[in-house]
Amino acid sequence: MKTVFASALVAVAALTGAANAMTVSPALESDVRQYAPEADISTLSTAEINVLASLVHGGDSEGEKRAAVRAFLN
């Protein structure tokens, strides 16, 4: 999980300043809701959306994904 978190932080740093106009795809929104049903992801930047996608589609266990997604969104 440390690798995924480190990768997520690198992705955010690399994509800082990206356009905020990107919308979350319905598939990604559904995947994120599986791990954090109460999350408001409508105002996320492109960089944040990319980080969430990498967290959700990473190779960690379901519990680790849930913890990583919730920690990122809080």
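As the structure is a computational prediction, the values presented were derived from the model and not from experiment. When reading the values below, keep in mind they use all heavy atoms of this one structure, side chains included, and skip hydrogens, waters and symmetry mates.
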- Note on the structure: Sorted by chain and number, sequence neighbours left out, side chain to side chain contact (heavy atoms under 4.5 Å, CB included) with A53 holds for L28, H57
- Message: Which heavy atom of V69 sits nearest to which heavy atom of A36, and what is that distance?
- Response: CG1-CB, 4.1 Å
- Message: Which heavy atom of E38 sits nearest to which heavy atom of R33, and what is that distance?
- Response: C-NH1, 4.3 Å
- Do you know which two heavy atoms are closest between Y35 and K65, and how far apart they sit? OH-CD, 3.4 Å
- Message: Tell me every residue that passes salt bridge (charged side-chain N to carboxylate O under 4.0 Å, His left out) with R66, counting only those two or more places apart in sequence or in another chain.
- Response: none
- Message: Would you compute the distance between atom CG of L55 and atom CG of D60 and round it to the nearest 0.5 angstrom?
- Response: 8.5 Å
- Query: Hey, does V32 have a side-chain heavy atom less than 4.5 Å from the side chain of L73?
  - Reply: yes
